[in-house]
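Any value given below was found using the heavy atoms of this structure, including those in side chains, with hydrogens, waters and symmetry copies removed.
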Amino acid sequence: QMPPVSVGIVTAQAQTLPVTNNLPGRIAPTRIAEVRPRVTGIVVERVFQQGSLVKEGDVLYRIDPAPFRVRVESAQATLKRAEASQLQARQQSDRIIELRERNVASAQQQESATAALAQADADVASAQAGLAAAQVDLQYSEVRAPISGRIGRALITEGALVGTGAADILATIQQLNPVYADFTQSAGELLALRRALQLG
């Protein structure tokens, strides 16, 4: 007789299996920034390498700074002139107040001196604001990266006139760390998956 046939025994156990769907997808940057000029002028230099990684604050383009330096110097001169007028008005006001205490000057003279000093103070404040605006424009002559990421191709070359209009885009930066993974799935497949989840 033939020997008995050996058989194997398998114990079945329930376990959870993942439901896997293959879906088409695309990787998208988390942020995209369009590099734009904040002042009007001629581009004299492109600093970045196209397709390279840049950090927030890196200089990308340089716009001719000469006109902006002239404006800063003019604003500084205006401020000095206003400060000199303010000093003169303050001295005059102090003199009139002293004379008024001795009843040598009239009340109208004191009021005029006080008004002249207030106007001189306002002229100094206006000149300081003008100097600050000129310095900001000078800083903006260096176009810097608004975010960190990979910069695309240069859309403007040296010698081009750029301005603050909406059409002047110098380059585009995409932040790729982290990134979004966008997947698309049909509504029918999504409903079927939800029904399967409800059924366990």
Side-chain angles (χ1 to χ4, degrees), residues 24-93 115-184:
R26 56 188 290 271
I27 301 300
T30 50
R31 291 198 296 171
I32 299 176
E34 294 176 340
V35 179
R36 297 177 185 270
R38 293 186 173 185
V39 291
T40 300
I42 302 294
V43 175
V44 294
E45 185 182 7
R46 174 176 60 85
V47 181
F48 68 94
Q49 185 74 25
Q50 298 180 91
S52 64
L53 291 172
V54 295
K55 293 182 179 178
E56 182 179 349
D58 286 353
V59 176
L60 304 177
Y61 286 93
R62 286 192 174 92
I63 297 172
D64 186 10
F68 305 109
R69 287 198 188 108
V70 170
R71 288 180 203 163
V72 168
E73 292 170 1
S74 175
Q76 287 172 338
T78 302
L79 176 59
K80 287 180 181 177
R81 186 173 61 223
E83 288 173 342
S85 298
Q86 181 190 42
L87 177 61
Q88 183 181 12
R90 182 176 291 114
Q91 290 172 344
Q92 181 72 13
S93 177
L117 178 59
Q119 183 175 353
D121 291 341
D123 290 342
V124 168
S126 176
Q128 288 172 338
L131 176 59
Q135 289 171 335
V136 166
D137 285 345
L138 179 59
Q139 290 176 355
Y140 286 161
S141 67
E142 289 188 338
V143 182
R144 298 181 178 273
I147 62 173
S148 300
R150 187 170 299 279
I151 192 166
R153 69 184 183 89
L155 302 176
I156 297 291
T157 58
E158 293 85 350
L161 174 64
V162 296
T164 55
D168 286 334
I169 300 175
L170 306 180
T172 302
I173 302 174
Q174 297 182 344
Q175 182 178 356
L176 301 176
N177 184 20
V179 294
Y180 288 128
D182 296 332
F183 297 99
T184 56

Residue pairs involving residues 146-160 (criterion side-chain hydrogen bond (donor to acceptor under 3.5 Å, both in side chains); sequence neighbours excluded)
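Checked against side-chain hydrogen bond (donor to acceptor under 3.5 Å, both in side chains) - neighbours excluded - no pair reaches residues 146-160.
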Quick one: side-chain hydrogen bond (donor to acceptor under 3.5 Å, both in side chains) pairs with a partner in residues 40-56, sequence neighbours left out?
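Residue pairs with at least one partner in residues 40-56: Glu45-Arg62.
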Backbone of Gly163 reached by a side-chain donor or acceptor of Asp168 within 3.5 Å
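The answer is yes, because a donor-acceptor pair under 3.5 Å joins these two groups.
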Quick check: do Leu60 and Val35 have side-chain heavy atoms less than 4.5 Å from each other?
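They are in contact (side-chain heavy atoms under 4.5 Å apart), so the answer is yes.
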Under a 4.5 Å cut-off applied to non-hydrogen side-chain atoms, are Ile63 and Val143 in contact?
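The answer is yes, as the side chains (C-beta and beyond) meet within the 4.5 Å cut-off.
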Over all heavy atoms of both residues, which pair between Ile156 and Ala160 is shortest? Give the atoms and the distance, please.
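For Ile156 and Ala160, the tightest heavy-atom pair comes out as CG2-CB, 3.5 Å.
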For a quick test of your reading: what N or O donor-acceptor pairs under 3.5 Å do the side chains of residues 173-181 make, sequence neighbours left out?
residue	atom	partner	partner atom	Å
Gln175	OE1	Arg31	NE	2.7
Gln175	OE1	Arg31	NH2	3.3
Gln175	NE2	Asn177	O	3.3

Using a 3.5 Å cut-off and no angle test, enumerate the donor-acceptor pairs between side-chain atoms of residues 67-83 and protein atoms at least two apart in sequence or in another chain.
residue	atom	partner	partner atom	Å
Thr78	OG1	Ser74	O	3.0

Show every donor-acceptor pair shorter than 3.5 Å between a side-chain atom in residues 119-139 and any protein atom, with sequence neighbours excluded, or say none if there are none.
residue	atom	partner	partner atom	Å
Asp121	OD1	Gln86	NE2	2.6

Measure the CD1-CG distance between Ile147 and Asp58 for me, rounded to the nearest 0.5 Å.
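So the CD1 of Ile147 and the CG of Asp58 are separated by 12.0 Å.
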Gap separating the CG atom of Leu155 from the CD atom of Glu34, nearest 0.5 angstrom:
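Here the interatomic distance stands at 9.0 Å.
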With sequence neighbours left out, what residues match Phe48 under ring pair (Phe, Tyr, Trp, His ring centres under 6.0 Å)?
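Result, ring pair (Phe, Tyr, Trp, His ring centres under 6.0 Å) vs Phe48: Tyr61.
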Summary of ring pair (Phe, Tyr, Trp, His ring centres under 6.0 Å) pairs that have at least one residue in residues 117-159, sequence neighbours excluded
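Sorted result for residues 117-159: empty, none.
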